[in-house]
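Only heavy atoms go into these numbers, but all of them, side chains included; no hydrogens, no water, no symmetry mates.
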Amino acid sequence: MNNDIWQETMVEEKVSYTLEIKGKFIIIENLPAKVCVETGERFFYLKLFHSFRR
């Protein structure tokens, strides 16, 4: 059994996010998100993210 502990360091950053709507690409810049330093995975604030998806 492997007992390695994975450390994830989250930092607040402004990132870009790309949407495709009806075949057109929309780029949203300066969107606040939490970004994992180790993996680069981005987590968006749900309320803000849903306002762009409407």
Side-chain angles (χ1 to χ4, degrees):
M1 186 165 143
N2 190 349
N3 290 330
D4 291 340
I5 297 174
W6 183 257
Q7 176 68 34
E8 291 185 335
T9 307
M10 304 299 287
V11 294
E12 295 272 340
E13 289 187 10
K14 300 275 183 157
V15 299
S16 295
Y17 183 77
T18 305
L19 292 170
E20 182 182 356
I21 299 175
K22 297 180 183 178
K24 297 188 180 199
F25 289 97
I26 299 171
I27 300 170
I28 303 168
E29 296 180 325
N30 297 316
L31 189 63
K34 289 191 176 186
V35 179
C36 178
V37 173
E38 290 77 22
T39 65
E41 188 173 8
R42 301 180 302 174
F43 297 90
F44 298 98
Y45 296 97
L46 194 57
K47 188 173 183 178
L48 182 63
F49 183 72
H50 281 302
S51 69
F52 288 112
R53 295 291 297 178
R54 291 185 193 155

### Message
Please say yes or no: joined through hydrophobic side-chain contacts below 4.5 Å, possibly via intermediate residues, are V15 and L19 part of one cluster?
### Response
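They do share one cluster, since a chain of ILVMFWY contacts under 4.5 Å joins V15 to L19.
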
Name every donor-acceptor pair, under 3.5 Å, that has one atom in a side chain of residues 22-41 and the other anywhere in the protein, sequence neighbours excluded.
| from | atom 1 | to | atom 2 | distance (Å) |
| --- | --- | --- | --- | --- |
| E38 | OE1 | T9 | N | 2.7 |
| E38 | OE2 | T9 | OG1 | 3.0 |
| T39 | OG1 | E41 | N | 3.2 |

### Task
Applying side chain to side chain donor-acceptor pair (under 3.5 Å), name anything that partners E12, two or more places apart in sequence or on another chain.
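Scan of E12 (side chain to side chain donor-acceptor pair (under 3.5 Å), adjacent residues dropped) gives Y45.
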
